[in-house]
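Shown next, in structure tokens, is the structure this report addresses.
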Amino acid sequence: MATSALSFPPGFLWGTATAAYQIEGAVHQDDRTPSIWDVHSRTPGRVRNGDTGDIATDHYHHWREDIALMSDLGIGAYRFSVSWPRVQPTGSGPASAKGLDFYRGLTDELLDKGIQPVVTLYHWDLPQHLEDAGGWPERDTAYRFAEYAGLVADALGDRVTTWTTLNEPWCSAFLGYGSGVHAPGRTDPADALRAAHHLNLAHGLAVRALRERLPAEAQISVTLNLHHVRPLTESAGDTDAARRIDGVANRVFTGPMLDGAYPADVIEDTASVTDWSFVQDGDTELIHQPLDFLGVNYYSPTLVSQRTGTATHRSDGHGASDHSPWPAADDVDFHQTPGPTTAMGWTVDPSGLYELLLRVSGDHPGLPLMITENGAAFDDYANPEGEVRDPERIAYLEGHLTAVHRAIEAGVDLRGYFLWSLLDNFEWSYGYSKRFGMVYVDYASQRRIPKSSAHWYAKVTRANSLPAPAPGSGH
Ligand code: IFM
């Protein structure tokens, strides 16, 4: 724990993040059509308690209040996602004027309050029309995405400078089409790898579409949930298990996006599942577009071993399913890392973030990094005085921001940090049972209550430094 204040570089961006389906609600309003998450969440047994994003935090109607909250908290940047089925309802063809107007109003209000808008184009809400046509395993979906990216760039390019193509394509591909824990709930490892490739292609095509339309100063990126994979022991088997999981968790994306090729070992490891014939000539060149920074999402490390005997451990933190999200890795066990856990059961381990940042910056010198998500769910509640006290979240953030500071000191070119999330929201297959917000949402009344972590974070963002904890304060 720090003993004196830790200052961050001048201009370090302090932000917070959300995603459209998790907060907007208003799923039937204006021209919006269903996304794969509308269909998935309405399918019995898919989401805890049968929760859906129908209302969520009703941000579609509370956005002014939510921006005012951010402004009060001194937030410098807001990362939100655009809902594809809201702005291009059938997933192809013309944009919805009403859909685009919503995001124009949102960005104008942010700019008015001095908050930098950071747009994510895809945070998992594929229009169901496109899933009906085959979804991400279908190549055409990548071209549809580039068309949609162009529509959003045309509408918001005069006011938004920072863009992210995809959020966590690993989840879209491997939870959506491998384990089926996420929408659309399909469970074929070959489809999951096809989806991963078409998401990579979608990214490359979208970057190209954005560059054609946006001014030269635009900052274009992608956000990956890079897994910090550790072997359980130093044995050859465990080390190899870590290499293989690193391949299908990380390098299947960073390879083509940042290095211009799929790693040979990933292709070899997954040969029993697919022959990769869906990769066409010229694809990896298209995917390999120059980026202005890489968005990194980190929550907890991943601990693996090669299975010995018959015992199986599947605590990979990605939800329960009879199908693995990890193609061709049925002989890899996932273990709970030691240490305290959050309400998701994820181990709190800031050293994983430090090590991950050093590795990524070492592997990709010259590529600035941004932490586009980091945060924790806890079982928060409003006390009789109407306050929400969340000392565990403050401790989590303090630990991770200390790790971030150490990484910067060690030479990592890290430009900013976005806390996940602004508001409690729809946590995918966990529904509303998990609260990640620094602002508590009473879903019955839609009342927002900033938690103690929000007030703490406001002090950090205003001072551009992490305060030294008062001795024995316990927050
Ligand atoms: O809520 C999600 C978010 O949508 C993507 N990254 C991880 C968060 C917590 O699970």
Side-chain angles (χ1 to χ4, degrees), residues 15-25 35-38 40-41 47-48 51-53 56-57 59 78-84 118-126 164-176 179 181-183 199 221-228 249-250 253 294-302 315-321 325 341-349 352-353 356 370-380 392-393 396-397 400 417-439 441 453:
T16 185
T18 62
Y21 189 71
Q22 294 182 272
I23 64 164
E24 283 183 3
S35 75
I36 53 174
W37 269 98
D38 294 279
H40 188 76
S41 63
V47 174
R48 195 172 288 188
D51 290 343
T52 70
T57 69
H59 173 74
Y78 176 46
R79 172 177 178 251
F80 62 94
S81 80
V82 171
S83 161
W84 187 350
V118 175
V119 164
T120 301
L121 287 165
Y122 185 71
H123 199 126
W124 308 350
D125 45 358
L126 185 72
T164 301
T165 53
L166 307 172
N167 179 72
E168 302 183 355
W170 182 85
C171 296
S172 303
F174 295 103
L175 299 182
S179 69
V181 163
H182 278 191
L199 283 150
S221 66
V222 64
T223 280
L224 303 176
N225 55 323
L226 295 174
H227 289 63
H228 184 58
N250 303 325
F253 300 105
L294 175 68
V296 175
N297 291 356
Y298 171 86
Y299 289 87
S300 188
T302 303
S315 58
D316 65 3
H318 293 297
S321 166
T341 55
T342 69
M344 297 295 284
W346 298 345
T347 303
V348 179
D349 187 347
L353 177 56
L356 177 66
M370 186 98 85
I371 295 178
T372 38
E373 283 182 30
N374 175 240
F378 290 105
D379 295 326
D380 306 313
E392 306 98 324
R393 185 171 289 99
Y396 179 99
L397 296 173
H400 286 77
Y417 174 93
F418 288 73
L419 191 159
W420 184 270
S421 178
L422 171 65
L423 303 167
D424 291 337
N425 59 48
F426 177 81
E427 178 53 26
W428 308 113
S429 59
Y430 297 88
Y432 297 100
S433 66
K434 304 294 176 196
R435 294 181 175 272
F436 272 93
M438 63 170 152
V439 174
V441 177
S453 59

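These figures come from a predicted structure and were not determined experimentally. Counting convention: from 1, in listed order, for ligands and their atoms alike. What's counted below: heavy atoms across the whole structure, side chains too, no hydrogens, waters or symmetry copies.
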Item to complete: Fit a plane to each ring of Phe174 and Phe253, take the angle between them on a 0 to 90° scale, and name the class: parallel (under 30°), tilted (30 to 60°) or perpendicular (over 60°).
Response: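 Answer is perpendicular, since the angle exceeds 60°.
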Fill in: Single hit among Asn425, Asp125, Thr57, Asp424 for side-chain hydrogen bond (donor to acceptor under 3.5 Å, both in side chains) with Gln22
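Of the listed residues Asn425, Asp125, Thr57, Asp424, the side-chain hydrogen bond (donor to acceptor under 3.5 Å, both in side chains) partner of Gln22 is Asn425.
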Which atoms of ligand 1 sit under 4.0 Å from any heavy atom of [X]?
X      : result
Gln22  : 1 (O), 3 (C), 4 (O)
Glu373 : 3 (C), 5 (C), 6 (N), 7 (C), 8 (C)
Glu168 : 5 (C), 6 (N), 7 (C)

Fill in: Donor + acceptor pair across side chains of Tyr299, Thr342 (<3.5 Å)
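No, no side-chain donor-acceptor contact under 3.5 Å.
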Worksheet item: What protein heavy atom sits nearest atom 1 (O) of ligand 1, and how far away is it?
Response: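 Scanning the protein heavy atoms, the shortest distance from atom 1 (O) of ligand 1 goes to Glu427 OE1, 2.6 Å.
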Discussion item. Testing Trp37, Phe426, Trp428 one by one against Trp124 for a ring pair (Phe, Tyr, Trp, His ring centres under 6.0 Å), which residue passes?
Written reply: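 In the set Trp37, Phe426, Trp428, the residue that makes a ring pair (Phe, Tyr, Trp, His ring centres under 6.0 Å) with Trp124 is Trp428.
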Worksheet item: Taking NZ, NE, NH1 and NH2 as the nitrogens, is one of them in Glu427 or Arg48 under 4.0 Å from a carboxylate oxygen of the other?
Response: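 No salt bridge links Glu427 with Arg48.
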Worksheet item: Counting heavy atoms only, which of Phe426, Tyr299, Trp346, Phe436 is nearest atom 8 (C) of ligand 1?
Response: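 The residue whose heavy atom sits nearest atom 8 (C) of ligand 1 is Tyr299.
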Practice prompt. Using a 4.0 Å heavy-atom threshold (strictly under), name the region of Met344 that reaches ligand 1: side chain, backbone, both or neither.
Written response: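 Neither; no heavy atom under 4.0 Å.
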Discussion item. Is there a polar contact, in the sense of an N or O pair closer than 3.5 Å, between Asn167 and ligand 1?
Written reply: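 No, no N or O pair falls under 3.5 Å.
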Worksheet item: Roughly how far apart are His400 NE2 and Leu419 CG, rounded to 0.5 Å?
Response: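 These two atoms lie 11.0 Å from each other.
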Worksheet item: Applying a strict 4.0 Å limit to heavy atoms, is Lys434 in contact with ligand 1?
Response: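 Heavy atoms of Lys434 never come under 4.0 Å of ligand 1.
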